[in-house]
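Because only heavy atoms are used, hydrogens play no part in the values below, and waters and symmetry mates are left out as well, while side chains stay in.
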Amino acid sequence: MKITQNQFNKLAYINEGEEGIVRRKDGLALKQMWKNEFPQYKKDSIDYQMDLISDSFIFPIDRLYISGLYAGYVQKFLDKSNPTLSDLNNLRTTLILIRIVEKNISVLNDNKIKAGDLLKRNCLFDNAIIIIDTSKFTYEKNRDSYEIMFHNISKLSRLFTNLLFIQDDIPINLFIDFLKTSEATLKSYFRLVDTIDLELFSQFLLTFMKEFNFQTIEEYRTKILSFKKFDLNT
């Protein structure tokens, strides 16, 4: 897509961050990268991603030229919100949605794409969990395929951990302390206070639900906040 800077500046504003600014044109999201955040390797990665198709990841579909310069990319715009705890509350339903994303991450692994920042704010909910803004995903053609797969699964697991279990009143260290009260089958799923490395998050979630007899996130919240109160009083 070709557009002038003046035309881009007049488009509807969506948001901006450390990498660039996003505006809307019809049913598309146009991201102009800041010049110092758009080196050649990112351009190459975006070009490579344009050939990829997935139900769980929204990839770039075109280059964005602004006043003649390759300045960013175009992707499909989804008028949806970030997943809420209400959206994900039923853990059995959420487990199914998570398994779909885990299956679809093969599009990254098979094409040697290494996931960058998988953050809550880059997730949308449309009766499915959809991940947008892949500008920090990189094409690692010379990297070992297994290493890329492990990295991507680990990143995805941390994302799901944050979506479901880490909230303003439930920090990561409290969640890990809570896991330590479980049987040995769960203890093997955490390593460091600030890191959760899982083989597949869906496996962890299923075990978590069985061991604590949780069906909803609300049940988890009630239990862990009670645990927090007890822990503070001891």
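Looking at Thr4 and Gln7, their side chains do bring a donor and an acceptor atom within 3.5 Å of each other. Donor-acceptor pairing under 3.5 Å is lacking for the side chains of Gln203 and Thr207. Counting only N and O atoms by type, the side chains of Asn152 and Asn109 include a donor and acceptor under 3.5 Å apart.
You'll find the ring centres of Phe212 and Tyr220 outside the 6.0 Å limit. A centroid separation of 6.0 Å or more is found between the aromatic rings of Phe204 and Phe160. For Phe175 and Phe178, the ring centers are positioned 6.0 Å apart or more.
One distance of note links NZ of Lys223 with OG1 of Thr181; it measures 8.0 Å at 0.5 Å rounding. Rounded to the nearest 0.5 angstrom, Asp126 CG and Asp79 CG are separated by 10.0 Å.
Of the possible donor and acceptor atoms, one in the side chain of Lys112 sits under 3.5 Å from a partner among the backbone N and O of Arg143. Asp62 places a side-chain N or O within donor-acceptor distance of the main-chain N or O of Met1, the cut-off being under 3.5 Å. In terms of modelled atom types and a separation under 3.5 Å, the side chain of Trp34 and the main chain of Gly17 share a donor-acceptor contact. For the pair Thr84 (side chain) and Asp87 (backbone), a donor-acceptor distance under 3.5 Å is present. A donor-acceptor pair is defined here as one N or O able to donate and one able to accept, closer than 3.5 Å; such a pair exists between the side chain of Asn162 and the backbone of Arg158. A distance-only check finds a donor-acceptor pair linking the side chain of Ser67 to the backbone of Gln5 [under 3.5 Å]. Counting only distance, with no hydrogens or angles, the side chain of Arg121 and the backbone of Cys123 share no donor-acceptor pair below 3.5 Å. No donor-acceptor pair under 3.5 Å is formed between the side chain of Ser157 and the backbone N or O of Leu200. Within the 3.5 Å criterion, the main-chain N or O of Ile66 finds no donor-acceptor partner in the side chain of Lys2. Between the Ser54 side chain and the Ser56 main chain, a donor and an acceptor come within less than 3.5 Å of each other.
Applying the side chain to side chain contact (heavy atoms under 4.5 Å, CB included) criterion to Leu206, with sequence neighbours excluded, gives Leu95, Arg99, Lys210.
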Original post:
Going through the distances and angles, do Glu218 and Thr216 end up as a side-chain hydrogen bond (donor to acceptor under 3.5 Å, both in side chains)?
Top reply: CA-CA 5 Å; Glu218 274 304 314; Thr216 67; over 6 Å; no
Subject >> Working for side-chain hydrogen bond (donor to acceptor under 3.5 Å, both in side chains), residues Arg23 and Gln32 >> reply: CA-CA 8 Å; Arg23 295 183 182 275; Gln32 179 182 23; over 6 Å; no
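A 4.5 Å side-chain heavy-atom check between Tyr48 and Ile113 finds at least one atom pair inside the cut-off. Contact check for Thr161 versus Leu159: no side-chain heavy atoms found under the 4.5 Å cut-off. Contact check for Phe125 versus Leu97: side-chain heavy atoms found under the 4.5 Å cut-off. Annotation: side chain of Phe165 is not in contact with side chain of Ile217 (no heavy-atom distance under 4.5 Å).
In this pair, Phe150 and Tyr146 present their aromatic rings parallel. The plane angle is below 30°, not in the 30 to 60° band.
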Donor-acceptor contacts under 3.5 Å from residues 36-43 side chains, at least two apart:
| unit_1 | atom_1 | unit_2 | atom_2 | d |
| --- | --- | --- | --- | --- |
| Gln40 | NE2 | Asp44 | OD1 | 2.9 |
| Lys42 | NZ | Glu19 | OE2 | 2.5 |
| Lys42 | NZ | Glu37 | O | 3.3 |

Can you give me every donor-acceptor pair (side chain of residues 68-76, partner residue at least two apart or in another chain, under 3.5 Å) with its distance?
| unit_1 | atom_1 | unit_2 | atom_2 | d |
| --- | --- | --- | --- | --- |
| Tyr70 | OH | Asp47 | OD1 | 2.9 |
| Tyr73 | OH | Asp133 | OD1 | 2.9 |

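When all heavy atoms of Leu156 and Ile105 are compared, the pair lying nearest together is CD2-CD1, 3.8 Å.
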